[in-house]
Amino acid sequence: MATEPAIDVPIRDEAIRLGQLLKLSGLVEDGAQARELIQTGRVLVDGEVETRRAHQVRPGSRVELPGAVMTVVRSDG
């Protein structure tokens with residue numbers, strides 16, 4: 001989907017919901033925008049289309065959306 005370099009998005013817990021991750025990354029403005037991207041099939045998690053906002057994303061996962069790629073990493077703090 002995208003060829004941009006991946007940005008690292010650190011999380012504190014073992015997993016985070018996909019919708020929350022998109023908001024945390026700052027790549028979407030709010031939950032409504034995250035929902036729109038996810039429900040219309042424009043978000044890939046580890047190369048697969050994911051349409052569930054509550055999908056649990058873990059460190060090491062690669063998330064792609066139009067114009068951006070992110071890698072989920074474990075926060076040190």
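Because only heavy atoms are used, hydrogens play no part in the values below, and waters and symmetry mates are left out as well, while side chains stay in. Starting from 1, each residue takes its place in the sequence as its number.
Counting heavy atoms from C-beta on, the side chains of Glu64 and Val45 never come closer than 4.5 Å. Taking 4.5 Å as the limit, every side-chain heavy atom of Thr71 sits out of range of all side-chain heavy atoms of Val9. The shortest side-chain heavy-atom distance between Ile11 and Val73 does not fall under the 4.5 Å cut-off. Under the 4.5 Å side-chain criterion, counting only non-hydrogen atoms from C-beta, Gln56 is not in contact with Glu14. In this structure, the side chains of Pro10 and Val72 stay at 4.5 Å or more apart for every pair of heavy atoms. Two residues are said to be in side-chain contact when any heavy atoms from C-beta on lie closer than 4.5 Å; Leu22 and Met70 meet this criterion. The shortest side-chain heavy-atom distance between Arg17 and Val57 does not fall under the 4.5 Å cut-off. At least one side-chain heavy atom of Val28 sits less than 4.5 Å from a side-chain heavy atom of Leu37.
What you find for Ile7 and Leu27 is that their closest heavy atoms are CD1-CD1, 4.1 Å. Heavy atoms only, all atoms of each residue included: Pro59 and Arg74 are closest at CB-N, 3.9 Å.
Put simply, the side chain of Asp46 never gets that close to the backbone of Ser61: no donor and acceptor are under 3.5 Å apart. Between the side chain of Asp13 and the backbone N or O of Ala15 there is no donor-acceptor pair closer than 3.5 Å.
Considering CZ of Arg62 and CD of Glu48, their distance stands at 13.5 Å, rounded to 0.5 Å. With rounding to the nearest 0.5 angstrom, the NE2 atom of His55 is 10.0 Å from the CG atom of Leu21. In this structure, OG1 on Thr51 lies 13.0 Å from CZ on Arg42, to the nearest 0.5 angstrom. Atoms CZ and CG, on Arg35 and Leu18 in that order, are 13.5 Å from each other to the nearest 0.5 Å.
With salt bridges taken as basic N to acidic carboxylate O contacts below 4.0 Å, none links Glu29 and Lys23.
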Verify side-chain contact (heavy atoms from CB on, under 4.5 Å) between Leu44 and Val63, making sure each step is shown before the conclusion. CA-CA 6 Å; Leu44 302 179; Val63 178; over 6 Å; no
